[in-house]
Structures are given as structure tokens and as C-alpha cells.
Amino acid sequence: MSTGMKNLTRTLESMDFLKMDRRTFMKAVSALGATAFLGTYQTEIVNALEFAETKLIWIHGSECTGCSESLLNGGNPDVAQALTKLNVNLAYHETLCMQQGIWNDGELVNTSELNSEILLEDLYKEGNYILVVEGSIPNGPDGSGRYLVIGNKTFKETLGEAAENANAIVAVGACACWGGITSADSDIEKETDYRGVAFKKTDASKGMLKELGIDKPVINIPGCPAHPDWILLTLGAVILGKIKIPDDLPAALDQYGRPKLFFPPDHTVHENCPRRGYYDRGEFDEEVGGEKCLWKLGCKAPYAHADCGIRRWNGSVSMCTQAGGPCINCVDPGFPDASRPLYVEAEDKGIVGANIDTVAKVAVGAAAVAAGVHAVRRMGKGE
């Protein structure tokens, strides 16, 4: 951690988060991360939420459950610790609910304790909850939504019912945000018509809520999968009232509904990539397994707007490029089509409009010039 970051961390740790304005609060969660933030402010959070329980409903559309797994792999704090500190009642989560289903032990069940359909409908009627959506929503065929039916109800209908009474809506993962892999160009894409909650790829007019005639703001936490910190800290900011919906959203979110804090419009993964020094020197890997810049292996980090290089993954110890995997820019709308072809150099695209070969030549040329200047100085000294 840099000295500046250490100083900021010490400053934030001495502050009462309840008295922070939104801007300072967002700085705190950025600098401290989920682990340190929830730990540092545990007492204040508990006091703030002592009499207020926040209900969370987490529904799954068409997806791989990778974002839930990412959240569950956020080891410190783990999801149970985080939910406890934020006083969250995880009222419904299809992966984590116990003994839930229309069928249970081979028998039809008709109580909310055992039947997930009844439980969900009861929760919708009660209202006062935060809705988290993971996975895309099929609109096909022909607008029916019947490519995903759970308990004789389309997921499209389920989303509509859940969204109507929600206090806040958070879409988690590339699929829920823009349609993700399920909406990738293919021979059947128009027929299946997979959509995100508020967008289809980059098109806000084709988000599923728009299709359903529901006008509510959505916070998008993209990624394939989403980082546990992005999920927990966004939910924490909403629960603690540090992001007021809808008043604070125009300042807190970018044009695609992403928190600018984690997905800064003026910052890319490339800027803090651990391999950035190799790029600056014009040194590129040509094969997988090397240690140099991954640009020629199709790395999309110069176009990926996320703080992966600062926050990192797996307990803040690693990230894709650090482990040798070229960034596939899973955080921007249009993924995966916008990143295709994966693992292939974006020829003639370059970084900030510069051709990568030109950059390499400039770097090599600069090195040669520096060596030449050094040699001239040595000659001038008679060495």
C-alpha cells in the first residue's frame, strides 16, 4: 500500500462514519475495502442498524451462479459476517435457501417454509426489501419469456413482481447488467432475446424493466463474476443510507448505472496493472506463461473501466493479468461481443489510439536515445 493510501486509511479510521458525507463515505469504502471497512466501523454500523433490519431478496435468472460463488468466496469478511454486521435478513436466495422448492423429498409442498414460490409471493406482498438480480432474463420466444420458466411462472414475470415493491434494485454480474454471455451474438440470439435488468448490451431502451413498463432506477455491478467488494460495499452504502435512492444516483453512477467508485470512467485496469512496466518498456509476451505485458495475447485492460488493479482479487493478492490471464474486459457493456476476439491482439487499435507496434518502437527508440545520451555524456567526461 502506498504512503498516500496509508495516510488516507489512518485518517478515515479516526473518523465517525455516521458523520461522513456521501463523498467521504465512498472514499472510505474505496480505500479500506470490504474487510477493513466493515471491521473498522463495526460498532458504528451495529449502533446505526440496531433497530432496523434490512431484508434482501436475491433472485437468479439465466446464469452460472458465478457471482454468488464469488460473493461466497469473499473470505474476509465472509458473506455471513458481512450480512451480520449490516444487519441484513437474507430472506430469499435460491442457492442458499434451505429445503426450498415446489417439491420437497418427492412431495408437493404448500407452505412458505418449504415452497419457494409461496415464500417469494409472501415477501413481495410484505414489501420493504432490496432486490438483487443475478443472471439475464429471456424475453423470447416472441416476448413470452418462456425460455426460462420456474414453477410454471416465467422469470420475466418473477422479476416484474419482485421489482414492483422493491425499495432498491441491484443487478449483479454481466448477465443481469447487460445480458452477458447469454445475449452474445449467435444464430438464436434474436429468438431467445436475453436481456439485462436495465440494459440490453448498451441499449437502455431494451432493458427488461422497460419492457415490463416498470420505471425504477437500477444499480449495475457488472463483472464475470462481480468482485465481492463491489457487491458488499454497494449494498452496504445503500443499507446505511450513504447512497440515497434515487437522489444520489446521478452523482454516484455512470451512464451505465455503475458506481463510478469501482468503475471509474477516467481510469482503466491497464493503469495499475502489475505488468504495466513491461508495456512502458515495449516488452510483450508472445506466448502464454511469460511475465511481460499481455497486450499481444489479446489483453483488453486498456479499455476495461474497473479498479481491479488497485483492489485485486482473492483477498487482494492477485488479479487476472497478474496470474497470466489477459484481461477480457468483463465489466463494460456489450461483453462478450465487445471483447471479441478474445485472446487475440486488437490489431491497429492500440492504446489511446496508438498502434501497439508504434508504442513498442517508441519505447525501444526512447531506450536507444537514452543510451545514446548516456554514451555522449560518458564521452564528454573522457570515459
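Side-chain contact between Ile239 and Ile130: present, with at least one pair of heavy atoms (C-beta onward) separated by less than 4.5 Å. A heavy-atom distance below 4.5 Å is not found between the side chains of Arg275 and Lys292. Taking the side chain as every heavy atom from C-beta outward, Pro259 and Leu253 approach each other to under 4.5 Å. Using a 4.5 Å cut-off on side-chain heavy atoms (C-beta onward), Glu69 and Pro225 make no contact. You'll find the side chain of Leu120 stays beyond 4.5 Å of the side chain of Glu117, heavy atoms only. Side chains of Thr321 and Cys327 form a contact here, defined as non-hydrogen atoms less than 4.5 Å apart. Residues Phe262 and Val331 are not in side-chain contact: their nearest non-hydrogen atoms beyond the backbone lie 4.5 Å or more apart. Two residues are said to be in side-chain contact when any heavy atoms from C-beta on lie closer than 4.5 Å; Ile221 and Val170 meet this criterion.
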Working for salt bridge (charged side-chain N to carboxylate O under 4.0 Å, His left out), residues Asp229 and Arg312
CA-CA 10 Å; Asp229 275 14; Arg312 308 207 182 181; over 6 Å; no

Applying side-chain contact (heavy atoms from CB on, under 4.5 Å), run through Tyr278 and Glu291 and close with a yes or a no.
CA-CA 9 Å; Tyr278 290 105; Glu291 61 180 15; 3.5 Å; yes

After noting the C-alpha distance and the side-chain angles of Val197 and Met208, does the key distance pass the side-chain contact (heavy atoms from CB on, under 4.5 Å) rule?
CA-CA 5 Å; Val197 179; Met208 185 52 77; 5.7 Å; no

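Hydrophobic clustering, with ILVMFWY side chains joined whenever heavy atoms are under 4.5 angstrom apart, keeps Leu159 apart from Tyr147. Taken together through direct or relayed side-chain contacts under 4.5 Å among Ile, Leu, Val, Met, Phe, Trp and Tyr, Leu294 and Phe284 form parts of separate hydrophobic clusters. Under the 4.5 Å side-chain heavy-atom criterion for Ile, Leu, Val, Met, Phe, Trp and Tyr, Leu131 and Val238 are members of distinct hydrophobic clusters. Note: the hydrophobic cluster containing Ile214 does not contain Ile219 (ILVMFWY, side chain heavy atoms under 4.5 Å, direct or indirect links). There is a path of hydrophobic side-chain contacts, each under 4.5 Å, that joins Leu209 to Ile59.
When all heavy atoms are compared, the tightest approach of Ile57 to Leu123 is CD1-CB, 3.6 Å. Lys300 and Val344 get closest at one heavy-atom pair: NZ-O, 3.6 Å. Listed here is the closest heavy atom pair of Gly207 and Arg195: O-NH1, 4.5 Å. Shortest non-hydrogen contact noted between Ser62 and Cys175 is O-CB, 4.1 Å. Taking every heavy atom of both residues into account, Val269 and Met319 meet most closely at CG1-CE, 3.6 Å. Across all non-hydrogen atoms, the minimal contact from Ser183 to Asp337 is O-OD2, 4.3 Å.
Using a 4.0 Å cut-off between a side-chain N of Lys or Arg and a carboxylate O of Asp or Glu, Lys206 and Asp193 do not qualify as a salt bridge. Taking the charged nitrogens against the carboxylate oxygens, Asp266 and Lys260 have no contact shorter than 4.0 Å, which rules out a salt bridge. Under a 4.0 Å N-O distance rule, the pair Arg258/Asp254 qualifies as a salt bridge. Salt bridge status for Asp185 with Lys201: present, with a side-chain N to carboxylate O gap under 4.0 Å.
With rounding to the nearest 0.5 Å, the separation of CG in Leu86 from CG in Leu235 is 8.0 Å. One finds the OG atom of Ser186 at 10.0 Å from the OH atom of Tyr194 (value rounded to the nearest 0.5 Å). Note that CZ of Phe335 is 12.0 Å distant from CH2 of Trp178, once rounded to the nearest 0.5 Å. Separating the CG atom in Leu83 from the CG atom in Leu71 is a distance of 7.5 Å, to the nearest 0.5 Å. Atoms CD and CG, on Glu53 and Asn128 in that order, are 10.0 Å from each other to the nearest 0.5 Å. Taking NE2 of His60 as the start and OG1 of Thr95 as the end, the distance is 3.5 Å to the nearest 0.5 Å.
With sequence neighbours excluded, the residues that form a ring pair (Phe, Tyr, Trp, His ring centres under 6.0 Å) with Tyr256 are Phe199.
Atom NZ of Lys210 sits in a sparse spot, with 12 or fewer heavy atoms from other residues, nucleotides or ligands closer than 6.0 Å. With a 6.0 Å radius and a threshold of 12 heavy atoms from other residues, nucleotides or ligands, Leu108 has its CG atom above the threshold.
Without hydrogens or angle criteria, Lys244 side chain to Gly241 main chain gives a donor-acceptor distance under 3.5 Å. Listed for the Thr234 side chain is no donor-acceptor partner under 3.5 Å among the backbone atoms of Ile231. Judged purely by atom type and a 3.5 angstrom limit, Lys216 has no side-chain atom pairing as donor or acceptor with the backbone of Ile169.
A tilted orientation is assigned to the rings of Tyr124 and Tyr129, their planes being inclined by 30° to 60°.
Note on residues 148-157: pairs passing side-chain hydrogen bond (donor to acceptor under 3.5 Å, both in side chains), not counting sequence neighbours, are Glu121-Lys153, Asn139-Lys156, Lys153-Glu161, Thr154-Glu157.
Between the side chains of Asn272 and His267, a donor-acceptor pair is found at a separation under 3.5 Å.
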